[in-house]
Amino acid sequence: MSEALVDRVAGEVDDLTAAGLLALARNRKAAEERAAADLLEVAARWADLHPPESIHDAASFSAAGWEHEEPIAGEGCPLVAEFCVAELGGVLGMSSTGAKRLIGHALELRHRLPRLWAQVQAGRVPAWKARAVAETTIHSSPALTREAAGFVDAQVAAVAGRVGPAQLDRLVAEAIKRYDLATVDPAADPEDGYLHVDPRHVTIDTQDVHFAGTMRIEADVDIADALDLDRAVARGAEMQKVLGSALPLDARRAKALGDLARTQTALDLAGTGTDPQRLPAAREVVLHAHFDAGFSGDTTVFGPTGRLEEGQRLVLLEQVQEWCGDSGTKVTIKPVIDLNTQLATDAYAVPDRIREQVVLRDRTCVFPWCTRPARRCDIDHVIPYDPDAAAEGRTQPGPTRSDNLACLCRFHHRLKTHSPWRYEMVAPGAFEWTSPHGHRYRRDHTGTSAIDPPDDPPGIPRPRRR
């Protein structure tokens, strides 16, 4: 019955009984897991086709900017030619970083976690579970040797991949201890593998913004630091309540943490002997905020929400007003730049005003699927600037002008310069890219989309069924 269900078109789902729908759901889930396993195999084979030897130009190993060999998995895994990840990422609709991670997981599983790899290919362990294990063993600190990774592989494979994150962390810690990969702390409990690895960190997820305009902070700190911080935050929250704040306790604690950071910054700036009531501004807010606006009579009315900076962050009008009204905040207001105006200069170097316009227009790196913020990108001349054109009396083929400039992160800037990838600007902020294998993509303010993908070459195998 399941084979018959596989061949049904979507419109016929309405005709299925409850048992039929359950069978169809099970079948589709199995097909999804099989496809994910196949994709890992494809990624590993793609790496095989692009070893360091595939970098043809000998200068690539020594000249700055050229393609080089890239270690993307643990010790014992083969190196790959750096730029190959972009082509695979393009056809999969993911960033080059995502494709690099996929290839790294595939190589880690095939070469350092072979038992788990075999179980994935046999359909006994879902690919996503195996990839979670690979991600952990690749990025272990200190790094796992091949033998240590093999220990983790044996333990995880023995239970068919049924381990949670905490158990996996304990396995890695045990491997680090078993193979003496970390310097032992004399004060640590020798029975606790965790204490052989320094877990302290403070992580702020700046890419995930809640609709309320908040970000998540996660930290592991020393016990003494944690207790001191807890007392300081509790005191700050209580002080806000005394001063009349009606916010709930958790919100006041959150604000107290920010106040603590800003006050300390101000103290550092002021130096000793400064009156705490006359501290300099501890925060400078440079906003590039975009809000929908309309008119109500002679009054400009802004929408309640907008986007901040590269368009990846939500910002509330109420929050901006609160920032600007804080007496301890220095607010810098920059002039509005018309994104439709053509700006140009005769020089090669991009002036700040033109750079700002290009950054605001592009928002991110303009390579297909890349989301790196434009402010952390290079400004590239789409048509290369010719430094000898003026001296030789020729028209400059690649002028420093709005319609010939684009934001590219450093990796994709190098890729465009030193590989067959090519692109052109077809409209302000809209770009069409062509990959070495002839795949074409359009990137504009709505994102990336494929353009007339080439036909599949003959011999592509059909998806396998179990």
Side-chain angles (χ1 to χ4, degrees), residues 1-13 15-50 72-73 77-78 80 84-85 87-95 98-138 149 152-165 168 369 437 439 450 453-466:
M1 180 177 179
S2 62
E3 286 298 321
L5 289 171
V6 170
D7 297 329
R8 286 184 183 270
V9 296
E12 294 179 334
V13 170
D15 300 329
L16 295 176
T17 64
L21 285 172
L22 291 173
L24 179 60
R26 181 180 58 192
N27 184 279
R28 290 293 189 266
K29 181 63 176 177
E32 179 185 16
E33 292 180 357
R34 180 67 261 164
D38 288 344
L39 186 58
L40 281 173
E41 193 171 358
V42 167
R45 178 57 182 155
W46 182 254
D48 295 341
L49 293 177
H50 298 86
I72 58 177
C77 293
V80 299
C84 77
V85 301
E87 184 86 51
L88 183 62
V91 299
L92 293 178
M94 64 174 62
S95 68
K100 179 179 177 179
R101 185 178 296 112
L102 172 65
I103 297 172
H105 291 168
L107 294 178
E108 180 79 0
L109 286 164
R110 191 178 67 178
H111 292 273
R112 304 217 309 162
L113 306 170
R115 296 178 181 85
L116 194 55
W117 170 263
Q119 291 183 337
V120 170
Q121 296 306 316
R124 291 193 291 272
V125 174
W128 68 268
K129 286 188 176 181
R131 291 188 63 181
V133 177
E135 177 74 8
T136 300
T137 57
I138 289 173
V152 175
D153 182 34
Q155 305 305 309
V156 174
V159 292
R162 292 188 290 271
V163 295
L168 180 58
W369 315 111
H437 285 263
H439 293 268
D455 295 333
D456 289 336
I460 297 298
R462 293 180 177 274
R464 293 179 289 174
R465 295 196 182 108
R466 293 189 287 119

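Numbers here simply count residues along the sequence, with the first being 1.
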K.L.:
Looking only at heavy atoms, which two atoms of Glu108 and Ala73 are closest? And how far apart?
P.N.:
OE1-CB, 3.7 Å

K.L.:
Search all heavy atoms of Ile103 against all heavy atoms of Ala47 and return the closest pair with its distance.
P.N.:
CG2-CB, 3.8 Å

K.L.:
If we only count heavy atoms from C-beta on, is the Lys129 to Val133 side-chain gap below 4.5 Å?
P.N.:
no

K.L.:
Roughly how far, to the nearest 0.5 Å, is CG of Leu107 from CH2 of Trp117?
P.N.:
8.5 Å

K.L.:
If you take all heavy atoms of Gly123 and Arg34, which pair is closest and at what distance?
P.N.:
N-NH1, 4.4 Å

K.L.:
Atom CG in Leu116, atom CZ in Arg124: separation rounded to 0.5 Å?
P.N.:
10.5 Å

K.L.:
Rounded to the nearest 0.5 Å, what separation is found between the CG atom of Leu24 and the CG atom of Leu16?
P.N.:
6.0 Å

K.L.:
Considering all heavy atoms of both residues, which atom of Val125 and which atom of Ala130 are nearest to each other, and what is their separation?
P.N.:
CG1-N, 4.3 Å

K.L.:
Decide yes or no on side chain to side chain contact (heavy atoms under 4.5 Å, CB included) for Leu168 and Val152, but give the supporting numbers first.
P.N.:
CA-CA 8 Å; Leu168 180 58; Val152 175; 4.2 Å; yes

K.L.:
Treating Glu41 as the side-chain partner and Gln121 as the backbone partner, does any N or O pair qualify as donor plus acceptor under 3.5 Å?
P.N.:
no

K.L.:
Heavy atoms only: give me the nearest Leu109-Arg131 pair and the separation to one decimal.
P.N.:
CD1-N, 4.5 Å

K.L.:
Which heavy atom of Ala157 sits nearest a heavy atom of Gln119, and at what distance?
P.N.:
O-NE2, 2.9 Å

K.L.:
Kindly compute the distance separating CH2 (Trp46) from CG (Leu92), expressed to the nearest 0.5 Å.
P.N.:
10.0 Å

K.L.:
Measure the shortest side-chain to side-chain distance between Glu33 and Lys29 over non-hydrogen atoms and say whether it is less than 4.5 angstrom.
P.N.:
yes

K.L.:
Within this structure, what is the NE2-CG distance for the pair His437 and Leu88, rounded to the nearest 0.5 Å?
P.N.:
10.5 Å

K.L.:
Just wondering, do Arg110 and Asp48 contact through their side chains at under 4.5 Å, heavy atoms?
P.N.:
yes

K.L.:
Distance check, rounded to the nearest 0.5 Å: Ile138 atom CD1 versus Arg112 atom CZ?
P.N.:
7.5 Å

